[in-house]
> 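Questions regarding the structure given below will be posed in turn.
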Amino acid sequence: GKTCFATACISALSLKCCFPTLRQIVDACQVKFPPHKSQLTGLLMSNSPCSLEFDSHITRYTDIVALIAKSIACLGSSQTDLLDIGLYYFAIGAMLKRIFDSDNNPFLSEESGQIHAIFNSQFRKALSEGPTDAPISALYLHPRKQN
């Protein structure tokens, strides 16, 4: 990725995709870690508590971070305008709400609250407390949104 944020997101998504294969390799004893990295065996063994917890953390991390990374990538387009900034914030907020309201919400209510607080803070900084109300004005005045 072009940023540390994107690199961390891509790394986590790649690890999530490779996790089943890594588990198979470790379970079949096809790899041995040096003694100072032996804890990796427990982290990658199928059905070990450490492995299941790690998988859960990676999934939860990518559920949130991938939304933001995709929006950042789209905002890097030469076709982006002020309207897009507001729309992407609204889209991220809607997706977070969908995740947190889902019956399969993997987050504790305290964690959901912390993520909401961070998002709301960034939303306010970008759209409400910025030097101008340009992104909000663009949302109402953009020709695509007339009608």
Side-chain angles (χ1 to χ4, degrees), residues 1-28 31 33 37 39-147:
K2 292 182 179 181
T3 65
C4 290
F5 183 82
T7 301
C9 179
I10 291 167
S11 298
L13 288 168
S14 296
L15 181 59
K16 184 178 173 182
C17 290
C18 296
F19 213 48
T21 304
L22 290 170
R23 282 183 172 149
Q24 287 177 348
I25 292 169
V26 170
D27 289 345
V31 66
F33 295 104
K37 294 190 177 188
Q39 72 273 12
L40 290 175
T41 302
L43 190 63
L44 297 173
M45 285 177 57
S46 293
N47 300 322
S48 78
C50 291
S51 179
L52 297 173
E53 183 179 5
F54 183 65
D55 191 21
S56 170
H57 286 296
I58 290 291
T59 298
R60 293 168 358 139
Y61 176 77
T62 56
D63 283 351
I64 300 299
V65 175
L67 298 171
I68 299 164
K70 288 175 187 175
S71 294
I72 290 171
C74 291
L75 288 173
S77 166
S78 62
Q79 302 297 313
T80 299
D81 60 25
L82 284 173
L83 173 65
D84 295 324
I85 295 169
L87 290 177
Y88 281 109
Y89 264 106
F90 292 134
I92 292 169
M95 290 304 297
L96 289 175
K97 181 170 177 23
R98 182 181 295 170
I99 290 169
F100 298 143
D101 289 350
S102 165
D103 291 337
N104 298 325
N105 178 5
F107 297 94
L108 300 174
S109 61
E110 181 180 320
E111 294 169 330
S112 297
Q114 290 171 344
I115 294 168
H116 264 129
I118 292 167
F119 173 79
N120 288 338
S121 169
Q122 294 304 312
F123 181 85
R124 274 192 300 278
K125 284 180 190 174
L127 300 180
S128 300
E129 297 172 1
T132 67
D133 289 332
I136 298 295
S137 299
L139 181 65
Y140 291 104
L141 299 175
H142 198 281
R144 288 189 310 206
K145 298 301 167 199
Q146 301 294 318
N147 295 335

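Along the sequence shown, residues carry numbers from 1. Every value quoted in this text rests on a predicted model; they were computed, and no experiment measured them.
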> When rounded to the nearest 0.5 angstrom, what is the spacing between CD1 in Ile64 and CE in Met95?
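Reported value, rounded in 0.5 Å steps: 9.5 Å.
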
> Are any non-hydrogen side-chain atoms of Pro106 and Thr59 less than 4.5 angstrom apart?
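Answer no - side chains too far apart.
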
> Starting from the C-alpha separation in whole Å, work towards a yes-or-no answer on side-chain contact (heavy atoms from CB on, under 4.5 Å) for Leu43 and Ser51.
CA-CA 4 Å; Leu43 190 63; Ser51 179; 5.9 Å; no

> For residues 110-120, which residue pairs pass the side chain to side chain donor-acceptor pair (under 3.5 Å) check, not counting sequence neighbours?
Arg60-Glu111

> Kindly compute the distance separating CZ (Arg124) from CD (Gln122), expressed to the nearest 0.5 Å.
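Arg124 CZ to Gln122 CD: 9.5 Å, rounded to 0.5 Å.
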
> Between Ser11 (side chain) and Thr7 (backbone), is there a donor-acceptor pair under 3.5 Å?
yes

> Any idea which heavy atoms bring Leu15 and Leu22 closest together, and the distance?
CD1-CD1, 3.9 Å

> Show the numbers, then the answer: is there a side-chain contact (heavy atoms from CB on, under 4.5 Å) between Leu13 and Ile58?
CA-CA 8 Å; Leu13 288 168; Ile58 290 291; over 6 Å; no

> Could you label the plane-to-plane angle of the Phe100 and Phe107 rings as parallel, tilted or perpendicular, counting under 30° as parallel and over 60° as perpendicular?
perpendicular

> Taking NZ in Lys70 as the centre, count heavy atoms belonging to other residues, nucleotides or ligands within less than 6.0 Å. Is the count above 12?
no

> Of the non-hydrogen atoms in Asn105 and Ile99, which two are nearest, and what is the gap between them?
CB-O, 3.4 Å

> Between the side chains of Arg23 and Asp55, is the shortest nitrogen-to-carboxylate-oxygen separation below 4.0 Å, so that they form an ion pair?
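The answer is yes: the pair qualifies as a salt bridge.
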
> Is a side-chain donor or acceptor of Asp27 paired with a backbone partner of Met45 at a separation under 3.5 angstrom?
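No, because the side chain of Asp27 does not come within donor-acceptor range (under 3.5 Å) of the backbone of Met45.
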
> Which is it for Phe33 and Leu44 under the side-chain contact (heavy atoms from CB on, under 4.5 Å) test, yes or no, and what are the steps along the way?
CA-CA 11 Å; Phe33 295 104; Leu44 297 173; 3.9 Å; yes

> Please give me the minimum heavy-atom distance between Tyr88 and Ser71, naming the atom from each residue.
CD2-OG, 3.6 Å

> Relative to each other, are the rings of Phe123 and Tyr89 parallel, tilted or perpendicular (30° and 60° limits)?
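Taking Tyr89 first and then Phe123, their aromatic rings stand perpendicular (interplane angle over 60°).
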
> Provide the closest heavy-atom pair for Cys9 versus Ala69 in the form atom of the first, atom of the second, distance.
SG-CB, 3.7 Å

